[in-house]
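Below is one structure; the comments refer to it alone.
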Amino acid sequence: MTRPRTLYEKIWDAHVVERRPDGTCLIFIDRHLVHEVTSPQAFAGLRASGRTVRRPDLTLAVPDHNVPTTARLDAAGNKLPIADPESAAQLAALEKNAPDFGIRYIDAVAPEQGIVHVVGPEQGFSLPGTTIVCGDSHTACHGGIGALAFGIGTSEVEHVLATQTLLLQPAKTMEVRVEGEVGPGVSAKDIILHITGTIGAAGGTGHVIEYTGSAIRALSIEGRLTVSNMAIEGGARAGLIAPDEVTFEYLKGRPYAPKGADWDAAVEYWKSLATDPGATYDKVVVIDAADIAPSVTWGTSPEDVVPITGSVPDPASFADPSKQAAAAKSLAYMGLEPGTRMQDVPIENIFIGSCTNSRIEDMRAAAAVIKGRKKAPGVKWAIVVPGSGLVKRQAEAEGLDRIFIDAGLEWREPGCSACLAMNPDKVPAGERCASTSNRNFVGRQGPGARTHLVSPAMAAAAAVTGHLTDVRELMG
Amino acid sequence: MTPLEKVEGRAIPLGLKNVDTDVIIPAHWLKTTTREGMGRGAFESLRADPDNLFDRPQYKDAPILIAGDNFGCGSSREHAAWALGDLGIRVVIAPSYSDIFSGNAVKNGILPVVLPQAAIDRLMEVAETDPVHVDLDTQTVTTPFQDRFAFEIDPFRKMCLLEGLDEISLTEKSDAAIGAYEQKLDAERPWMRPAAAGL
Ligand code: SF4
């Protein structure tokens, strides 16, 4: 009888190519997602050393970070030029590098284009039990379908392109168990914001977090991807949720997913991956789902989370002196006073999108709140950015785009958009944004921009009231 | 990669906790297709303050940076390591790092030294006036005042830094093992290859 193992240990063990005496392992990488920002230097490195891509068949390239989310084709169907010369250069580099190295490429104007972390699972390219890497830290997202997925830097991108492997130290394991049922108006985003607030931004450092418990099991794949997406906000390099019937149902029939007899063999294998009874984790955190409210961040670290019914904390209330200093700095940047009720904080900008919350379920949740209402006069800029062309078309087929547009929100083309200030979608300095993205760091949405992380339904609620709002009050 | 053994010089006593990669190099500096010149964007938001540490004459070309817990957290951008390198930083000293950052640092010839907060506090004090000495071979940080702090480092990382080794060439030595793994995978779990019915 073999020792009981966790989901993480099983995936790790199945990917060891070589084990070094010090415990470092050469790990095989099953899927490599490539985008335009972290890849040009890697391809340049390959060219300089005369190397090729070892497994182009396991690599998929799609531009997302820099692409403008306004129309990409003119009336005659020609590609519109990209105004920013540096963005244009990065996009042009990917467009050239992918075919040069024989890599599958989804063009910026292709119907399947979208944010890599939305496209991977949606195309069935990301599968349970695989190792997935991408030069973007929210690669952890794919853990929602049970893949060991993590972000890498550009040197590692080059390493994977050349060798299809990475040299890695095994991580410690952490279980975050969310038991019970969440209340109405509480989404997957609120669960992960609450977890991040509970364990802290460094709570998972050195660990891979497996999310378990009845509240996680009850989530759709969209919700699970949202939770795992933000594993990195809790300091963990990767998140994992064991694949189950919900996962199989989601993946079946997707373009790159196994077919026929292969499918049956795959499902059988995936079922064997769940953590064995009796397996232990290095760290365990248990959360009662009933304690989770619609949540919002007040500061510039993703751990700065309060329930929407709460208030801006007093920096003096933190025990750790360096946290006190950080909180005081955060509040100065955010322009907030201790004791202000979160619901009294006015909002000028709304961003519904990013790889955390841009799937069809997110679009539906936001539209359900917006329907029959109008954007508040104080809200200057409100954009809804679907995560992929497929999400966009599905939403349009359901009439969600009309709901947003009729309410005065903008309906955009897929991409990373205002998640990071790299493309034209930015939040002006000193203004606030209720954002469904994953990072509230200083300058993340534009120099001086003030980010409040929320769920899609909460962003929609702020859009119609003009201030942070408890979405439960708008629910019928 | 330039080998790294001993580094002696002024250390910038930044000391801040949770310095994320957006602070180290803001996103608008990422739009390049080469690695050079990033130092100009390093710590841009902090350097907007005319009295910032980085631009004080005594810390010009300082090869060492002292920071608080969780240095390099946030986005996985390797540009953060390039920016530090381009700024002339060879060693960062902090109580902890984000996993991705410390990996990226080593790959770019930057040594992430882990020391307890008490040692950091002392070094911050010394750095105000005097240089700090880091010796990777003996794994110690010393000061002109007889302070001596030993640090741990993964032996593989240590070797890579000491010899200035490029990781891809090292891995290429395992080519046969990778080939054998691929064959075994194709035999045991052929469905792991992306289905042909794709795009
Ligand atoms: S949406 Fe944001 S977090 Fe996600 S891939 Fe794009 S930039 Fe990274």
Side-chain angles (χ1 to χ4, degrees), chain A residues 17-18 20 22 24 26 28 30 37-38 40-41 44 57-58 66 86-87 89-90 93 104 106 112 123-125 130 135-137 151-155 158-159 162-165 167 169 201-202 205-206 235 237 255-259 262 265-266 269 301 322 326 420-422 439 441-444, chain B residues 16-18 20-23 26-28 30-35 44-45 68-70 73-82 96-101 103-104 107-108 154-156 166-172 174-175 177-178 180-182 185 189-199:
Chain A
V17 174
E18 265 182 359
R20 306 270 147 94
D22 67 347
T24 309
L26 193 62
F28 191 76
D30 296 311
V37 175
T38 51
Q41 287 95 344
D57 61 322
L58 303 183
N66 278 344
E86 287 159 323
S87 294
Q90 286 192 335
R104 285 189 184 88
I106 302 179
E112 299 84 5
Q123 292 296 327
F125 189 74
T130 56
D136 178 281
S137 46
I152 55 177
T154 299
S155 295
E158 188 179 336
H159 193 278
T163 69
Q164 204 58 36
T165 61
L167 257 188
Q169 285 277 0
T205 303
R237 195 166 188 189
Y256 290 114
K259 307 280 179 322
D262 275 350
Y269 176 74
S301 165
S322 65
L420 87 176
M422 277 196 91
R439 291 209 160 130
F441 296 160
V442 169
R444 172 77 177 186
Chain B
L16 286 176
K17 233 180 116 158
N18 291 322
D20 61 63
T21 51
D22 286 76
V23 168
H28 67 98
L30 308 194
K31 294 181 165 182
T32 59
T33 50
T34 62
R35 297 184 182 192
E44 194 174 62
S45 58
D69 251 325
N70 204 19
C73 59
S75 131
S76 62
R77 61 187 68 155
E78 189 167 353
H79 307 67
W82 299 337
S96 67
Y97 300 86
S98 85
D99 299 339
I100 295 178
F101 175 81
N104 283 340
K107 287 182 187 73
N108 288 280
D154 167 77
F156 179 72
D166 151 16
E167 248 185 54
I168 296 180
S169 327
L170 273 169
T171 301
E172 281 171 343
S174 302
D175 194 57
I178 300 171
Y181 180 93
E182 286 172 326
L185 187 63
R189 296 197 288 280
W191 51 264
M192 289 278 271
R193 280 187 184 242
L199 297 172

Residues passing the salt bridge (Lys or Arg N to Asp or Glu O under 4.0 Å) test with A/D57, sequence neighbours excluded, are A/R55, B/R193

Honestly, the part of B/L16 sitting under 4.5 Å from a heavy atom of chain A is side chain

Residue from B/V23, B/D175, B/L170 scoring the most non-hydrogen pairs under 4.5 Å with chain A is B/D175

Minimal heavy-atom distance between B/S98 and B/C73, with the atoms involved, is CB-CA, 3.6 Å

Okay, B/Y97 and chain A: the region with an atom under 4.5 Å from a heavy atom over there is backbone

For A/A202, the side chain to side chain contact (heavy atoms under 4.5 Å, CB included) test, sequence neighbours excluded, returns A/T205, B/N70

Checked A/G153, A/A257, A/A326 vs chain B; the most non-hydrogen pairs under 4.5 Å come from A/G153

Chain A shares the most heavy-atom pairs under 4.5 Å, among B/T21, B/I100, B/N108, with B/I100

When the 4.5 angstrom heavy-atom criterion is applied to A/R439 and chain B, the contacting part is side chain

Counting heavy-atom pairs under 4.5 Å with chain B, the top scorer among A/V442, A/I152, A/T38, A/L420 is A/I152

Hey, can you tell me if A/Y269 and B/W191 have their rings parallel, tilted or perpendicular (30° and 60° cut-offs)?
tilted

Comparing B/I178, B/L185, B/N104 against chain A, the one with the most heavy-atom pairs below 4.5 Å turns out to be B/I178

Note: A/S155 and B/K107 closest approach over all heavy atoms is CB-CD, 3.6 Å

For A/L58 and B/P194, the nearest pair of non-hydrogen atoms, with its separation, is CD2-CD, 3.6 Å

Under 4.5 Å to a heavy atom of chain A? For B/S169 that would be both

Heaviest contributor of heavy-atom pairs below 4.5 Å to chain B, chosen from A/R20, A/Q164, A/H159, is A/H159

Closest non-hydrogen contact found for A/L167 with B/E167 is CB-OE1, 4.4 Å

In terms of heavy-atom pairs under 4.5 Å with chain A, the winner among B/G74, B/A81, B/G68 is B/G74

So, the part of A/E158 with a heavy atom under 4.5 Å from chain B: the answer is both

Q: Starting from the C-alpha separation in whole Å, work towards a yes-or-no answer on side-chain contact (heavy atoms from CB on, under 4.5 Å) for B/Y181 and A/E18.
A: CA-CA 9 Å; B/Y181 180 93; A/E18 265 182 359; over 6 Å; no

In terms of heavy-atom contacts, B/A27 and B/R77 come closest through N-NH1, 3.6 Å

Checked A/A265, A/G443, A/G235, A/A162 vs chain B; the most non-hydrogen pairs under 4.5 Å come from A/A265

Given B/D69, B/D154, B/N18, the one with more heavy-atom pairs under 4.5 angstrom with chain A than any other is B/D154

- Modelled atom types, side-chain donor and acceptor of A/Q41 and A/T154, under 3.5 Å: no

Answer key: most heavy-atom pairs under 4.5 Å with chain A among B/E172, B/R189, B/E44, B/H79 is B/R189

